[in-house]
**Student:** 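Quick one: this structure, given as structure tokens, is what I'll be asking you about.
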Amino acid sequence: MKKEIPKAYNPQEVEDKIYKKWEESGKFDPDNLELPEDAEKFSISMPPPNATGFLHLGHASMLTYQDLMIRYNRMQGKKALWLPGTDHASIATQTKVEKIIAKEGKTKYDLGREKFLERINEYVENSKNTIKNQTRKMGSSCDWSRERYTLDDGLSRAVREVFTKMYNDGLIYRGDRIVNWCPRCESTLADDEVEHKDQKGKFYYFKYNKDFPITIATTRPETKLGDTAIAVNPKDKRYKKYIGQIFEIDLGNGTHKIKVIADRGIDMEFGTGAIGVTPAHSMIDWEIAEKNDLEKIKVIGEDGKMNVGAGKDYAGLTALKARKKFVKYLQKNDLIEKVEEVDQSLSICYRCDTPIEPLPSKQWFVAVDKKITIEGNKYFQNKSLKDVSLEVVRNREIKIIPERFEKTYYNWMENLHDWCISRQLWFGHRIPVYYKLKVDKVHKVESQEIYIGGKLPENDYKIANVFGSNISSGNIAGVVDKEFKENEMPEIAKEIGASESVFVLKSKNSNYDAEFRFFSKIGEETPLCGHALLAGATSFDKSDLKIKTLAGDIVVQKEDNKIFFQTDKSIRIKSNFSEELPFEFLGIEKEEFELLGIFSIGVPKLIVRIKDIETLRKVNPDFENLKKWNKEKNFSGYCLFVEDKKNKNLVFVRQFNPFLGINEDEATAVAAGALAAFFDNDFIVKQGTENFENEIYVRYKDDKILIGGNVFLKNSEWTQDFDTLDTWFSSGIWTFSTLLDQDHEKYKTFEEWVAGSPDLKKFHPTSVMETGYDILFFWIARMILMTTYTLDEVPFENVYLHGMVRDKQGKKMSKSLGNGIDPATMIEKYGTDALRLSMIIGSSPGNDIKMYEEKIEGYRNFVNKLWNVSRYIILSQKSKVKSQKSEIDYDNLTLADKWILEELDNLIYIVNNSLENYQFSSALEVGDGIRDFMWNKFADWYLEVSKVQEKNDAVLIYVLETLLKLCHPFIPFVTERIWEEMDKNSLLMVEKWPEDKKRCLELIQVNVDFDLLQGIISEIRRIKNENKISLKEKVDVVINSETRKDLTKADFDVIEKNKNIIEKLAGVKSLEFEVGVKKIEGWIHFDHKVSVYVNIGDLIDTEKEIEKTKKEIENIEKYITQIRKKLGNDNFVASAPREIVEKEREKHQESTIKLEKLKGKLELLDN
RNA sequence: GGGCGCUUAGCUCAGUUGGCUAGAGCAUCUCGUUUACACCGAGAGGGUCAGGGGUUCGAAUCCCUUAGCGCCCACCA
């Protein structure tokens, strides 16, 4: 009764079903493994794939290695947990979604923060599902019930808790420092998120002006507009005399001072030996400036374009254009000495390849060098994060495989600078810092009250809104819904902590609709206030307002959303004022703008709406004339903006203040305040620039407003920091945040939470962290840093680093090169098992692996071979396998049985050994691995023999079962499927892993004997083959030994006993053996152990055989000479180990015999 | 500039304290549709272990050096 088993293994039909079966069994969850309490744990935290896009071969390889380890350990009876998840990957995901919406012609500002985040979440949901499905496709036996996402509620709380803890321990601080800024992402980057690209560049040698005594050299002339010093080496004789001198220069952007300073770090050989110090736009210059207390002039803005600091000739230009312009300026003034071509490395963003601008900025940092002591902590006793992170690897608490990466790790860790963790991205964990303004702390940002982590306290006072670029010049505008009393206002201002404040009060005085007070300093009333007007005007429904101010009465008219003002004192504004606007100074036609309103802090300004963005770009003011005009009209400038027709929320504002000179911050504050007031706080105001100097984006609706890094408070609530945390901050706590009890609300404190999380106790530290070496720094290092600190234990015991997957040429796979292989396609074509094998075989820790389709195809054959081996055994069973409980009868085994059992035992040992040492490839293919056993030993020899001798089902089944177990971690699908076919009512996945029994007392003899059989069979086959005799054609064979020395009685017994095997496998008609025969008819060949005489008459090609034999003789003579030389060397005999010498002697003897035989053969052939 | 790695058969790679005439798989060539498998079987050919030097009784393996390739780090302004 034969079962139907397909001839070829068909993975497509099998894999999904098998995976479902595993998943439904619940055995991916270690709690369902029915193990004793004290069973050893084995846990892996799956490196969370980015929640973006698809799984690529890199993921496939990672999943393969981890699944392999998990399955191996699970079968060994350990509590095996593989915890899967995904990472929100803020910068990568946000960039991706930005690209997607760009195809729709939109930017994130078009959508606004909320909608944009919705879009991202939608996208993430989608890719998470894709990733999960593809992870399943790979056969990953991870515990889906414990799946996590970095933005999960629990994980997010963990982030806040850790942040707070670090803050409280003084390890997190907010600092004003130079950071890496990506203009495209509009965000900071950590040092290691910056990549470098080699580039040709020009090296300009020039002087600031004709009389300047020192020439400097630079590749970025445009930054020199922000120079405040020249640094030279103190030993440099050329410049010594200038050190300490201060020069005044003007590069066309106003005068500033240049101080000549000494710095030992300056290379005298390089360039001119003098460098222009640009504190705001170079990391090293920043440090020099810090040391020397230099002024820092910012000339490039967050958009990567020159800002007002560079002067009006440059403001708004891209750095590149500004460079050209500045070089032209230098040429015109004959200041350039020479220009050289040099190789330089350009810093680019690791996510979008945009060149990085170093910019000064206020950001949050993790202090890595600060030494702290935590009571009762085994690591932190006057140690820094860096100290401990180094220590745990140095003392082998964490082992990195391969070891050489430890050096890399040390090197990186030792050079680590404070880690900038704030990002100006929208997607991610908001920094858990809340700000609140208070009276006595209002003057400096540094003294803002800060609330870290957790929930906010109750509101304790009320402000209508606050605006201002910095607190010292910050403004508060409010509508106070109560009767105005003469001396009340200063008190209110004090109470709410305004440094400058405006109040609009509803008046009961019938002459006025409102009254207002503006306080330029606390308690000091002043007459001017544009925001007040706006704030006030918008607070009333009436279209005509009469407002009382200290400056006089103002009439406000609202018409079609426009507001017109008329005052009797400071400004005369008519409703037809737009006619009077100096549009000609702006370089645009009058139809292209309209007056919208007026506002002011000190001096009134106009607010003008421009028709569209294009028009706004055209604006090119004539400052000289504007200045004059302003003076006449008592104006200080304009605020121009464009309202997006489609989306009312998008507004670009451009501020001109030719009268006072432009102060970015103030302009921002003014515009922001005005607009916020005018539009009833419907906007977030974000300082930024696109093409214009001093422009402000009023970008989207929210209840929070950010102005130039400060907050715009509404309703006096605590306001959370707008920035998000570096993605790696949350990844850094991944190993334990995922194991914390997700029902976290029942724990009040972090300590309680940790104590109340059983999984954490059970599975942490994780056993192995398996990942690519490319994220050693990004991730591994940060996990070590964060976990040792937070939990007082390491995140993992071992780190296994795999290499990158590359194409056949060794190139990185990438979409642009089109050389990528899609794992899904490969799985479709060849099956997951084949793909997995192609990942494992030929790979070694830390080394890249080359991947190409032919390789995968090759391993499909491997899988199929196993399938057919099993098919044969299963089909050839006399009785059903199911009831096969019969033990192997060890007393009744044939030579082949014994041989295969010993070989199998040896295989178990090899596989175990390889896996324990993370040598996955060698378990399978290298040397005597699984492949060799399965294919070359079991299939090619044992199964063939078993067709000849009486079948020993018990042996066949035992070997197959064991083989399947050994194969399972590598190729889980096919093995499980075969297991089914064997009618086992169990899952192979949780079968017990084989142990090598070391029962091989007979091993050596068995091997020798079977080797003899194989040798004879191979020899006969070879002879036939070389003489073009079909294997099928039966020949007569005589096996002979000239002397008893090389072929014993026992050998003859073996041959006799297994005669039928030789006859069958080698195609032999009659087999005889003799001793001492010198010559028989026909043809002769020698093996090293036996001589085989094959009687095949005339069919031999004697010439060829003679030649071959001669060559062989030559070779062996050479070899013997070598050995003799060795043995003749007294030094060798004296100093080499005894067993080596003994081996050499044996070799000598054997080859001498062989040589004699070969000579005999030649003699026979010659006849 | 500093660090790490690689170079072994046409290709992909093993070769773990230095000791089999340096091994696999793929590809090549020859023969073969033998009732598990042509996604197969039987056999064969193919390497100055990148070059040079050194240590050693003995080097693919350890040291030095040269060349080529690759990667990482770094503030050459």
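Side chains are part of it too, since the values below use all heavy atoms of this structure and drop only hydrogens, waters and symmetry mates. Throughout, a chain's letter reflects where its sequence line sits, starting with A, and its residues are numbered from 1.
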**Student:** Check whether any side-chain nitrogen or oxygen of A/T219 sits under 4.0 Å from OP1 or OP2 of B/C76, and answer yes or no.
**Tutor:**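 So the side chain of A/T219 is outside the cut-off, no N or O lying under 4.0 Å from OP1 or OP2 of B/C76.
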**Student:** Rounded to the nearest angstrom, tell me the gap between atom CG in A/D932 and atom C1' in B/A24.
**Tutor:**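 A/D932 atom CG is separated from B/A24 atom C1' by 9 Å.
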**Student:** Is any NZ, NE, NH1 or NH2 atom of the basic residue among A/E340 and A/K338 found under 4.0 Å from an Asp or Glu carboxylate oxygen of the other?
**Tutor:**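 Looking at A/K338 together with A/E340, the answer is yes, because their closest N to O distance falls below 4.0 Å.
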**Student:** Can you find a donor-acceptor pair, distance only, under 3.5 Å between A/N1025 side chain and B/A44 base?
**Tutor:**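 Answer no: no donor N or O sits under 3.5 Å from an acceptor.
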**Student:** At less than 4.0 Å, is any side-chain N or O atom of A/W935 found next to OP1 or OP2 of B/C37? Yes or no.
**Tutor:**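 So the side chain of A/W935 is outside the cut-off, no N or O lying under 4.0 Å from OP1 or OP2 of B/C37.
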**Student:** So, under a plain 3.5 Å distance rule, would you say the side chain of A/R404 forms a donor-acceptor pair with the base of B/C4?
**Tutor:**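 Not at all, since no donor on one side and acceptor on the other fall under 3.5 Å apart.
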**Student:** Whole angstroms only, please: what is the CD1-P distance between A/I1140 and B/A59?
**Tutor:**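 In whole Å, B/A59 P lies 14 Å from A/I1140 CD1.
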**Student:** Remember a base hit wins even if backbone is also touched, and classify A/D940 as base, sugar-phosphate or nothing at under 4.0 Å, heavy atoms.
**Tutor:**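 Sugar-phosphate contact only.
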**Student:** How many whole angstroms separate atom NZ of A/K865 from atom C1' of B/C37?
**Tutor:**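 Whole-Å distance recorded here is 6 Å.
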**Student:** Where the side chain of A/K1147 is concerned, which of B/G43, B/U21, B/G41 is the nearest nucleotide?
**Tutor:**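 Given the options B/G43, B/U21, B/G41, the side chain of A/K1147 is closest to B/U21.
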**Student:** Hey, does the side-chain of A/E944 have a donor or acceptor N/O within less than 3.5 Å of a partner on the base of B/A36?
**Tutor:**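 When only heavy-atom distances are counted, A/E944 does reach the base of B/A36 through a donor-acceptor pair under 3.5 Å.
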**Student:** So which nucleotide does B/C20 pair with, by the Watson-Crick or G-U wobble rule with both distances under 3.5 Å?
**Tutor:**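 Check on B/C20: unpaired, no WC or wobble geometry under 3.5 Å.
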**Student:** With nearest nucleotide decided by heavy atoms, which residue, A/K1064 or A/L1031, maps closer to the 5′ end of RNA chain B?
**Tutor:**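 It is A/K1064, whose closest nucleotide lies nearer the 5' terminus.
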**Student:** In this structure, how many angstroms lie between the C1' atom of B/A36 and the NZ atom of A/K947, rounded?
**Tutor:**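 Going from NZ in A/K947 over to C1' in B/A36 covers 7 Å.
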**Student:** Ring of A/Y1119 versus six-membered ring of B/U21: centres under 5.5 Å and planes under 30°?
**Tutor:**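 A/Y1119 vs B/U21: stacking yes.
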**Student:** Is it true that A/K197 and A/E195 make a salt bridge, defined as a side-chain N closer than 4.0 Å to a carboxylate O?
**Tutor:**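 A/E195 and A/K197: not salt-bridged.
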**Student:** Could you tell me whether the phosphate oxygens of B/G58, OP1 or OP2, come under 4.0 Å of any side-chain nitrogen or oxygen in A/K1126?
**Tutor:**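 No, no such contact exists.
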**Student:** Does the ring centre of A/F920 sit less than 6.0 Å away from the ring centre of A/Y800?
**Tutor:**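 Ring centroids of A/Y800 and A/F920 are less than 6.0 Å from each other.
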**Student:** Tell which nucleotide pairs with B/A67, taking only Watson-Crick or G-U wobble pairs whose two distances are both under 3.5 angstrom.
**Tutor:**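 Matched B/A67 with B/U7 under the 3.5 Å cut-off.
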**Student:** With sugar-phosphate meaning primed atoms plus P, OP1 and OP2, does A/F405 contact a base, only sugar-phosphate, or nothing at under 4.0 Å between heavy atoms?
**Tutor:**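 No contact at all - A/F405 keeps every heavy atom at 4.0 Å or more from the nucleic acid.
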**Student:** Below the 4.0 Å mark, does B/C4 have OP1 or OP2 next to a side-chain nitrogen or oxygen of A/K407?
**Tutor:**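 Affirmative; the distance criterion is met.
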**Student:** Given B/U16, is OP1 or OP2 found less than 4.0 Å from the side-chain N or O atoms of A/N917?
**Tutor:**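 For B/U16, neither OP1 nor OP2 has a side-chain N or O of A/N917 closer than 4.0 Å.
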**Student:** Are the aromatic ring centres of A/F778 and A/Y350 under 6.0 angstrom apart?
**Tutor:**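 Distance test on ring centres: under 6.0 Å, yes.
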**Student:** Mind checking who B/C31 pairs with, Watson-Crick or G-U wobble, both distances under 3.5 Å?
**Tutor:**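 Looking at the geometry, B/C31 pairs with B/G41.
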**Student:** May I ask you to check if A/K865 and A/Y9 form a cation-pi contact, with NZ or CZ under 6.0 angstrom from the six-membered ring centre and within 45° of the axis?
**Tutor:**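 No - A/K865 does not lie over the ring of A/Y9 by the 6.0 Å and 45° rule.
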**Student:** Please report the distance, rounded to the nearest Å, between CD in A/E403 and P in B/G5.
**Tutor:**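 So the CD-P distance, A/E403 to B/G5, works out to 12 Å.
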**Student:** Using a cut-off of less than 4.0 Å, is there contact between a side-chain N or O of A/K7 and OP1 or OP2 of B/A36?
**Tutor:**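 No, outside the criterion.
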**Student:** Does A/S1018 place a side-chain N or O at less than 4.0 Å from the phosphate oxygens OP1/OP2 of B/A42?
**Tutor:**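 For A/S1018, the contact criterion (side-chain N or O under 4.0 Å from OP1 or OP2 of B/A42) is not met.
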**Student:** Could you measure the distance from the CZ atom of A/R238 to the OG1 atom of A/T215? Nearest 0.5 Å is fine.
**Tutor:**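 Going from CZ on A/R238 over to OG1 on A/T215, the span is 10.0 Å.
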